[in-house]
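Inspection log for the structure reproduced underneath, given as structure tokens.
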There are 2 protein chains.
Amino acid sequence: MNKNKETKSVTMRDVADHVGVSVATVSRTLRNPEVVSQAVRDKIAAAIESLGYLPDPAARALASTRSDIIGVILPSVSNNVFADVMDGIYSAVEGTHHSVQLGYSRYAPLSEENLIRVFLRQRPAGLIVTGIDQTEAAQALLREAGCPVVQIMETGDAPYDRMIGFSHYDAARAATAHLFAQGYRRPGFLGARMDPRTQRRLHGFRDELRAQGVEEGKRIQTTTRASSVTLGSHLLAQLMDIAPETDAIFCINDDLALGAMFEAQRRNLRIPDDLGICGFNDMEMMAAAEPSISSVRTFRREMGEGAVQLILDSLSGTAAQEKIVDLGYQIVQRRSTRGH
Amino acid sequence: MNKNKETKSVTMRDVADHVGVSVATVSRTLRNPEVVSQAVRDKIAAAIESLGYLPDPAARALASTRSDIIGVILPSVSNNVFADVMDGIYSAVEGTHHSVQLGYSRYAPLSEENLIRVFLRQRPAGLIVTGIDQTEAAQALLREAGCPVVQIMETGDAPYDRMIGFSHYDAARAATAHLFAQGYRRPGFLGARMDPRTQRRLHGFRDELRAQGVEEGKRIQTTTRASSVTLGSHLLAQLMDIAPETDAIFCINDDLALGAMFEAQRRNLRIPDDLGICGFNDMEMMAAAEPSISSVRTFRREMGEGAVQLILDSLSGTAAQEKIVDLGYQIVQRRSTRGH
DNA sequence: TTGTACGCGTTATCAA
DNA sequence: TTGATAACGCGTACAA
């Protein structure tokens with residue numbers, strides 16, 4: 001450890017003394033400058049600059065009823081889907097006086113409930129949570145949060161407060177319909193993790209099959225293990241062994257799709273002729289792949305940015321009426337599903 | 001916003017009253033229980049449980065000289081290399097009473113300096129920063145931090161405090177040597193972003209070429225743009241147009257390698273015969289690709305976990321002597337570089 | 001427009 | 001082993 005230098009950080013007191021005003025005035029220039037005279041304001045600003053004053057967030061949080069923290073609870077650290085969301089969140093928070101506090105639930109509702117409790121304890125400026133599958137207790141906490149709460153990644157009725165996302169059911173169903181539109185008749189399904197959002201995609205897939213009058217047979221391969229490219233290869237291998245009639249697959253994410261594509265190539269299956277492949281999320285690599293892979297574009301960065309904006313708007317009282325922002329999705333067709 | 005319910009959170013005072021002791025005793029049971037009698041300790045524990053008391057981190061930080069926050073400063077949100085590091089960090093922090101505060105510098109040293117200042121203001125329990133290329137001012141701040149400071153991702157002399165990582169120069173040089181060992185004679189280099197760590201990889205590449213007595217020619221393609229799979233394709237296309245004699249490539253990360261592989265396939269270059277490909281980091285997909293892609297394995301999760309552990313050890317005074325932990329790297333050979 | 005003075009929930013110092 | 005009590009740095013009535 002470095003030597004604990006007596007590094008008395010400069011406080012508001014120092015700034016006040018330096019200018020010759022009271023701490024209250026300094027505090028006011030920081031929070032609502034409009035009630036402070038221009039002259040004093042300038043002098044304080046100069047003093048803050050020259051002394052290098054930085055407010056103490058702990059003291060601020062303690063003295064006021066709110067902290068500057070925006071709490072964010074996501075299910076997973078490593079899933080790059082959430083990396084994009086975080087990118088949006090951080091870029092929207094940048095330049096505000098807010099800071100982000102991140103928590104990972106590891107897809108466990110009870111962890112999530114705990115995190116919510118801990119975060120709420122800090123009287124956060126706002127809270128961003130993922131999805132709609134909270135425990136009863138967590139739901140109660142969120143309804144009484146006393147701060148703006150935004151649910152991201154999904155839409156659904158009965159938001160606790162506000163919501164920004166899209167329908168996973170609709171998106172998956174549209175992707176499946178796309179496969180049919182391209183002439184595929186015996187599509188399969190590859191799924192990993194099988195968390196609630198993934199389940200809803202499976203429902204969409206199944207309902208579209210039903211609507212098309214097609215039996216699903218044994219063409220649904222899922223696992224609760226975490227998704228990966230390797231797993232995509234394994235799942236496709238299993239699927240083709242069990243149900244060789246499969247002529248296309250819908251994968252619940254792009255990693256699986258990529259892995260499936262590699263496995264298809266290993267098996268000398270021609271894409272898209274022998275096998276159509278559609279991913280989900282439309283990560284950057286899908287366009288670069290050979291052949292390029294169709295996917296369902298989702299607006300992850302926008303969800304992150306939008307969620308923060310919703311909180312800021314709530315805080316400033318300029319929030320819109322609509323409780324739910326549906327960002328939709330977009331089927332991006334590429335070579336991997338060009339008919340046959 | 002939800003209605004601001006009068007949700008008076010339960011404080012230490014409540015717990016104390018409930019048990020019939022002073023707040024001081026409650027505080028002690030939480031921080032050093034060994035000085036409190038077992039009987040009182042049990043009653044307090046019960047009260048905490050039944051009242052659902054959670055300590056207020058702001059009050060704690062204000063009253064003590066340290067907060068429970070471990071500050072982490074990374075260059076990028078979206079780079080999945082750091083997702084793995086974060087995974088390690090969070091899993092090591094879990095179960096401790098610490099929390100993580102994350103900041104992104106966007107590869108800008110001045111942003112980083114600012115973040116360091118802001119984080120230091122919170123008297124963090126520890127600080128984790130990326131690499132060794134801080135500004136002069138940031139270096140001074142970190143040396144006087146008054147808390148454990150760990151630099152991750154790299155090794156190098158003169159750590160501010162402690163360091164855990166590996167030598168990017170050595171790793172890149174070893175990868176290049178591997179290409180030569182496999183019989184390639186005119187290897188090229190694909191680089192994106194070209195931040196200092198990437199630059200050091202380029203140096204390793206160049207020095208190995210020199211050691212092998214091989215001219216680099218025009219086989220070094222770099223850009224300051226952010227890395228992506230698509231960019232890997234573009235860079236390889238450029239490279240092969242300018243320097244068609246290239247018989248292998250070392251890519252500064254796996255995204256570029258994957259993109260390069262796709263582009264090679266588009267150009268009907270046989271891998272590994274016409275073109276050897278080696279990536280960097282050994283992300284999961286490299287093993288699943290078709291053909292599988294050689295890479296340099298780095299221990300990202302371990303860096304995150306290790307960094308937190310170093311901080312915890314420093315805090316508890318159980319830290320080892322060595323200031324620098326070198327996690328090394330590992331050349332993982334796969335089909336993409338099987339000689340020719 | 002500015003200053004005074006109290007309180008936020010906890011830690012830490014000192015006595016008891 | 002326990003209890004008062006003074007900080008910690010800032011926000012905010014209330015007064016001036």
Side-chain angles (χ1 to χ4, degrees), chain A residues 4 6-44 47-48 51-69 97 118 120-125 146, chain B residues 6-44 47-48 51-69 97 99 118 120-125 146:
Chain A
N4 197 322
E6 210 55 39
T7 176
K8 283 213 181 312
S9 46
V10 5
T11 81
M12 210 150 128
R13 172 87 265 154
D14 301 325
V15 176
D17 291 351
H18 191 265
V19 177
V21 295
S22 72
V23 286
T25 304
V26 178
S27 175
R28 260 174 271 173
T29 29
L30 260 41
R31 300 201 80 64
N32 34 349
E34 58 278 10
V35 304
V36 179
S37 73
Q38 187 64 50
V40 177
R41 228 191 299 179
D42 292 344
K43 280 198 280 188
I44 290 178
I48 287 178
L51 296 179
Y53 166 75
L54 284 174
D56 182 331
R60 172 172 285 184
L62 189 57
S64 60
T65 38
R66 302 258 122 252
S67 77
D68 290 337
I69 295 173
H97 62 289
V118 171
L120 245 28
R121 186 64 176 87
Q122 319 190 23
R123 302 173 233 86
Chain B
E6 210 55 38
T7 177
K8 281 211 182 315
S9 45
V10 7
T11 78
M12 211 170 205
R13 170 90 265 154
D14 300 325
V15 176
D17 290 352
H18 191 264
V19 177
V21 295
S22 71
V23 286
T25 304
V26 179
S27 176
R28 272 185 295 251
T29 22
L30 260 41
R31 300 202 79 63
N32 33 351
E34 58 278 9
V35 305
V36 179
S37 73
Q38 187 64 50
V40 177
R41 228 191 298 180
D42 292 343
K43 281 199 280 188
I44 289 178
I48 287 177
L51 295 179
Y53 165 75
L54 284 173
D56 182 332
R60 174 171 284 186
L62 187 57
S64 60
T65 40
R66 302 256 122 256
S67 77
D68 291 337
I69 295 173
H97 61 289
S99 70
V118 170
L120 245 27
R121 187 63 177 88
Q122 319 189 22
R123 301 174 234 86

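Model, not experiment: these values are computed from the prediction. Proteins come first, then strands; the chains are lettered A, B, ... in the order of their sequence lines, and each starts at number 1.
The stretch residues 28-36 of chain B touches DNA chain D through B:R28, B:V35, B:V36, each having a heavy atom within less than 4.0 Å of the strand.
Residue B:S22 places at least one side-chain N or O under 4.0 Å from the OP1 or OP2 atom of D:dG3.
When rounded to the nearest whole Å, the span between CD of A:Q122 and P of C:dT10 equals 13 Å. Separating the CE atom of A:M12 from the P atom of C:dC8 is a distance of 18 Å, rounded to the nearest angstrom. The CG atom of A:L62 sits 9 Å away from the P atom of C:dC8 (whole-angstrom rounding). One can place CZ of B:R123 at 16 Å from P of C:dT10, the figure rounded to the nearest angstrom. In this structure, NE2 of B:H97 is placed 14 Å from C1' of C:dT10, rounded to the nearest angstrom. Atom CG in A:D68 sits about 18 Å away from atom P in D:dG9, given to the nearest Å. To the nearest angstrom, P of D:dG9 lies 16 Å from CG of B:D56. Rounded to a whole Å, the CZ atom of B:R60 is 22 Å from the P atom of D:dA7.
Residue B:G52 comes nearest to B:V10 through the heavy atom pair O-CG1, 4.1 Å, listed as atom of the first residue, atom of the second, then distance. For B:V23 against B:A16, the heavy-atom pair with the smallest separation is N-CB, 3.7 Å.
Distances from the side chain of B:A24 to the nucleotides C:dT10, D:dA4, D:dC10 place D:dA4 closest.
For A:R121, there are no side chain to side chain donor-acceptor pair (under 3.5 Å) partners, not counting sequence neighbours.
B:S37 comes within contact range of the sugar-phosphate backbone alone, with a heavy-atom separation under 4.0 Å but no base atom that close. Nucleic acid contact for A:V40: sugar-phosphate only, since backbone atoms but no base atoms lie under 4.0 Å from a heavy atom of the residue. Nucleic acid contact for B:R121: sugar-phosphate only, since backbone atoms but no base atoms lie under 4.0 Å from a heavy atom of the residue.
Remark on DNA chain D: of its neighbouring residues A:R13 and B:T25, the 5'-side contact belongs to B:T25, judged by nearest-heavy-atom nucleotide.
The pair A:D56-A:R60 does not count as a salt bridge, with every side-chain nitrogen at least 4.0 angstrom from each carboxylate oxygen.
For the pair A:R123 (side chain) and A:S67 (backbone), a donor-acceptor distance under 3.5 Å is absent. Here the side chain of A:D17 pairs no donor or acceptor atom with the backbone of A:D14 at under 3.5 angstrom.
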Please list, one pair per line, the donor and acceptor atoms closer than 3.5 Å that link side chains of residues 26-35 of chain B to other protein atoms, with sequence neighbours excluded.
from  : atom 1 : to    : atom 2 : distance (Å)
B:T29 : OG1    : B:T25 : O      : 2.8
B:T29 : OG1    : B:V26 : O      : 2.5

